[in-house]
There are 2 protein chains.
Amino acid sequence: MYSAAMGTNETSERLVEATRELLWERGYTGTSPKAVQRAAGAGQGSMYHHFAGKRDLALTAIRRTAEEMDAAAGAVLEGEGSAYARIEAYLLRERDVLRGCPVGRLTMDPEVIADPELRAPVEEVLDRLRARLAAVVREGPESGGPDPEETAAAIVATVQGGYVLARATGSPAPFDSAVRGLLALLAPLKPSH
Amino acid sequence: MYSAAMGTNETSERLVEATRELLWERGYTGTSPKAVQRAAGAGQGSMYHHFAGKRDLALTAIRRTAEEMDAAAGAVLEGEGSAYARIEAYLLRERDVLRGCPVGRLTMDPEVIADPELRAPVEEVLDRLRARLAAVVREGPESGGPDPEETAAAIVATVQGGYVLARATGSPAPFDSAVRGLLALLAPLKPSH
DNA sequence: GTCTATAGGCCGATAGAC
DNA sequence: GTCTATCGGCCTATAGAC
């Protein structure tokens, strides 16, 4: 079974990484154990030795992906600079836009949403992201302005929806456009104001 | 084969409607011909008599869903009221939030994105929505303000991303929160300003 | 138009040898 | 740990009777 201390080229490690990639690209419903095995270079028996099944493997993969996203968001939002600068840095961060969000993508999967354990990491990481953004917004000026929680929700939603627009178009442009539009609307948060 | 003039309880009609529902809930990859047949109360032979296969049926279903969404958006955005009022009406329109957007949802399906014909209606309807919103934004005050195209992209993205947050949480609340947050940021568009 | 039969292949998993 | 064999069932059709 998987252990945090194991090396990085163990079979179970490759299985988890392959699952993460396939989950990102095809979702849970669209990812088969056979496809995971092929991508990981592991056999059937090998996969079922390390994991109880597709769901178990996906659970491990989803949890890791959520952790990584959480850490990445924290690094930007708890970094240096004014509130506006950190939000800007978050929004302009380099992204694999056309691949979409590896976490947000899972919300469109009915089997993930129907399974509390699979859904939990998705919900948690998006909730934490909103909370972090709300905290940053609260730091800014405009104490009588828009509700920080709602502003934060709009920021996360713009990013998640930006992926949808980009994938629909086959181009990252609408994502960048949405982000620039939001930043313009957030101008009142700028230190100069 | 399907004809626009046919009655509403024909078998092919039921097949299209069943496909629309399943596409909405489970996506293209997650929807099987057998499931469609069951939902439509039609047999195997019947389905393949009316449609060339799963892809053909999905194409018909997706096109219709896109048309409906286009018409609904047009009705609100080309209605009465100030620019802000129409954007507000669009954002506050009643939605089946937890089901997500039947069009946007398809962008997460790799088989849809990889197939130009299946993707086209998705791209077109979202592009038209952005263009319509940009036109409304342009009507508003603030001629020197944010770029209307970018503002429109942010609006569409907020809605699409709102669905993601709602589904992650299992509650429509984050969708409403994001929409209220965006409306607060759009306050400069209000006639009173 | 609709039905049943058939097809080759994958689905997700289990069993047991090595 | 990994392999092969096997399972019942679904996947996406195609064929041909009725």
Side-chain angles (χ1 to χ4, degrees), chain A residues 1-23 25-62 106 109-112 114-115 117-118, chain B residues 1-23 25-62 106 109-112 114-115 117-118:
Chain A
M1 294 299 257
Y2 175 74
S3 124
M6 82 176 39
T8 199
N9 214 20
E10 301 282 348
T11 295
S12 79
E13 183 59 23
R14 291 198 322 271
L15 284 164
V16 173
E17 285 304 313
T19 302
R20 296 217 298 152
E21 289 298 311
L22 285 164
L23 246 29
E25 191 182 327
R26 309 190 44 84
Y28 183 78
T29 302
T31 296
S32 70
K34 171 173 278 199
V36 171
Q37 290 151 212
R38 197 181 315 122
Q44 188 97 330
S46 201
M47 192 196 106
Y48 283 98
H49 170 74
H50 291 288
F51 298 92
K54 172 180 170 173
R55 201 194 86 112
D56 183 39
L57 190 40
L59 194 52
T60 303
I62 291 173
L106 299 170
D109 206 306
E111 302 192 55
V112 170
D115 184 328
E117 233 172 344
L118 290 178
Chain B
M1 293 299 255
Y2 174 74
S3 121
M6 82 175 36
T8 199
N9 214 19
E10 302 281 349
T11 295
S12 80
E13 184 58 21
R14 292 200 320 273
L15 284 164
V16 173
E17 286 304 314
T19 304
R20 296 217 297 151
E21 290 298 310
L22 285 164
L23 246 29
E25 192 182 328
R26 308 189 44 82
Y28 182 79
T29 302
T31 296
S32 71
K34 171 173 276 196
V36 170
Q37 291 150 211
R38 197 181 314 123
Q44 188 99 330
S46 202
M47 190 197 108
Y48 283 99
H49 170 74
H50 292 289
F51 297 93
K54 170 179 170 173
R55 202 194 86 112
D56 184 39
L57 190 40
L59 193 51
T60 303
I62 291 173
L106 299 170
D109 206 306
E111 301 192 54
V112 171
D115 183 328
E117 234 172 343
L118 290 178

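Every heavy atom of this structure was used, including side-chain atoms; hydrogens, water molecules and symmetry mates were not.
Side chains of A:R55 and A:E111 form no contact here, defined as non-hydrogen atoms less than 4.5 Å apart.
With B:D109 contributing its side chain and B:G27 its backbone, the two residues share no donor-acceptor pair below 3.5 Å.
Relative to the six-membered ring of A:Y48, A:K54 misses at least one condition, a distance below 6.0 Å or an angle of at most 45° to the axis.
If you take NZ of A:K34 and C1' of D:dC11, they are 13 Å apart, rounded to a whole angstrom. Residue B:L15 contributes atom CG, which lies 15 Å from atom P of D:dT12 at whole-angstrom precision. At whole-Å resolution of the value, CG in A:L22 and P in C:dC11 are 11 Å apart. In this structure, CZ of B:F51 is placed 12 Å from P of C:dG1, rounded to the nearest angstrom. As a whole-Å value, the separation of A:L59 CG from C:dG12 P is 16 Å. When the C1' atom of C:dC11 is taken as reference, atom CD of A:Q37 falls 11 Å away, rounded to whole Å. We find that OH of B:Y48 is positioned 9 Å from C1' of D:dC11, with the value rounded to whole Å. Note: CZ (A:R14) to P (D:dG1) measures 13 Å, nearest angstrom.
Listed candidates were D:dA5, C:dT4, D:dT2. Nearest to the side chain of A:S46 is D:dT2. Closest contact between the side chain of A:P33 and the listed nucleotides C:dA13, C:dG1, D:dA13 involves C:dA13. Comparing D:dT12, C:dT2, D:dT4 by their closest approach to the side chain of A:Q44 singles out D:dT4.
Among the heavy atoms of the strands lying under 4.0 Å from B:G45 is at least one base atom, whether or not backbone atoms are also near.
Of all heavy-atom pairs between B:R26 and A:T29, the closest is NH2-CG2, 3.8 Å.
Checking the phosphate oxygens (OP1, OP2) of C:dT2, a side-chain nitrogen or oxygen of B:H50 falls inside 4.0 Å. Checking the phosphate oxygens (OP1, OP2) of C:dC11, a side-chain nitrogen or oxygen of A:S32 falls inside 4.0 Å. Taking 4.0 angstrom as the limit, B:T11 places a side-chain polar atom (N or O) nearer than this to OP1 or OP2 of C:dT2.
Separation of atoms CD (A:E17) and OG (A:S12) is listed at 10.5 Å; rounding is to 0.5 Å.
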